Amino acid sequence: MSIAGNLKIIHDRVRTAALRAGRDPSSVRLVAVSKTVSSSALDEAARAGQRVFGENYVQELVAKAELVTEPVEWHFIGHLQSNKVRQIAGLVAMIHSVDRLSLAQEIDRQWGKLGKACDVLIQVNIACEATKCGTSMTDLFELVREAARLPHLRIRGLMTMPPFFDDPEGARPYFRELARLAGEISALNIPRMEMAELSMGMSGDFEVAVEEGATLVRIGSAIFGDRYYG
Ligand SMILES: *Cc1c(COP(=O)(O)O)cnc(C)c1O
């Protein structure tokens, strides 16, 4: 199957899942996760209508941004070291993986130099696995309150990455919990912050995520094929 064909199938599946849950399909955006994918494959996806691309590594993102010829929007979705923020300042439209205040402060500092504000999501570690990134649920509220005060950063919502399950239903409680947390934070009416976006769902479980309220699904292998992934 071609990249264009895969994209069409995914859009159909997103649409069906959204309608099943009584949601407007246009409220769900597809982030094509292009880590390890060549810039030509990325251009191919862009020509098929894909606009938003998610990258995990700073160096790879910076290199690809120079090679890709189609107009695309970059999202950073991987673990981000503070000392690398400068390299992606102004280049990415959204950072999904803000998990600590020191990182939020560095994003604020770098975007401030450009006189701009960066859209960010707070990554929550619902599973409490030591190996996965994300703020713990206990630190989440404090992090949101502190980061919301930073002028060159706009909190737009939450992101999570559940543990892997063979059965996508296994991920449902994690997606539901992220949506619940977003509702709880939203009710606090913290100034300069909104909980409009939920970044959740990958190739194996995005339909469940859409049913639970995802507005951004991050899909890699179902678009580009397993062969692209090292
Ligand atoms: C790789 C990756 C994805 C996409 O995973 P697939 O299973 O290939 O769809 C989504 N989110 C993050 C954070 C990733 O690193």
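Start at 1 and go down the list; that is how both ligands and their atoms are numbered. All values derive from a computational prediction rather than experimental measurement.
Arg23 places a side-chain N or O within donor-acceptor distance of the main-chain N or O of Val210, the cut-off being under 3.5 Å. In this structure a side-chain-to-backbone donor-acceptor pair under 3.5 Å is present from Asn6 to Ile223.
One finds no salt bridge joining Glu55 and Lys35 here, because no Lys/Arg side-chain nitrogen approaches an Asp/Glu carboxylate oxygen to under 4.0 Å. Comment: Arg29 engages Glu197 in a salt bridge, judged by a side-chain N to carboxylate O separation of less than 4.0 angstrom. Under a 4.0 Å N-O distance rule, the pair Glu212/Arg176 qualifies as a salt bridge. The pair Arg20-Glu211 counts as a salt bridge, with a side-chain nitrogen and a carboxylate oxygen less than 4.0 angstrom apart.
Short contacts between ligand 1 and Arg218, defined as distances under 4.0 Å to a heavy atom of the residue, involve ligand atoms 4 (C), 9 (O), 10 (C), 11 (N), 12 (C), 13 (C). Listed by number with element, the atoms of ligand 1 under 4.0 angstrom from any heavy atom of Ile219 are 9 (O). Per-residue contacts place Asn56 under 4.0 angstrom from the following atoms of ligand 1 (heavy atoms of the residue considered): 14 (C), 15 (O). In the vicinity of Gly220, heavy-atom distances shorter than 4.0 Å reach the ligand 1 atoms 4 (C), 6 (P), 8 (O), 9 (O). Distances below 4.0 Å separate heavy atoms of Ser203 from the following atoms of ligand 1: 6 (P), 7 (O), 8 (O), 9 (O).
When heavy-atom distances to ligand 1 are checked against a 4.0 Å cut-off, His96 has no atom that comes that close, whether in backbone or side chain. When heavy-atom distances to ligand 1 are checked against a 4.0 Å cut-off, Ile77 comes that close through both its backbone and its side chain.
Between atom 14 (C) of ligand 1 and the options Lys35, Gln123, His79, the minimum heavy-atom separation is to Lys35.
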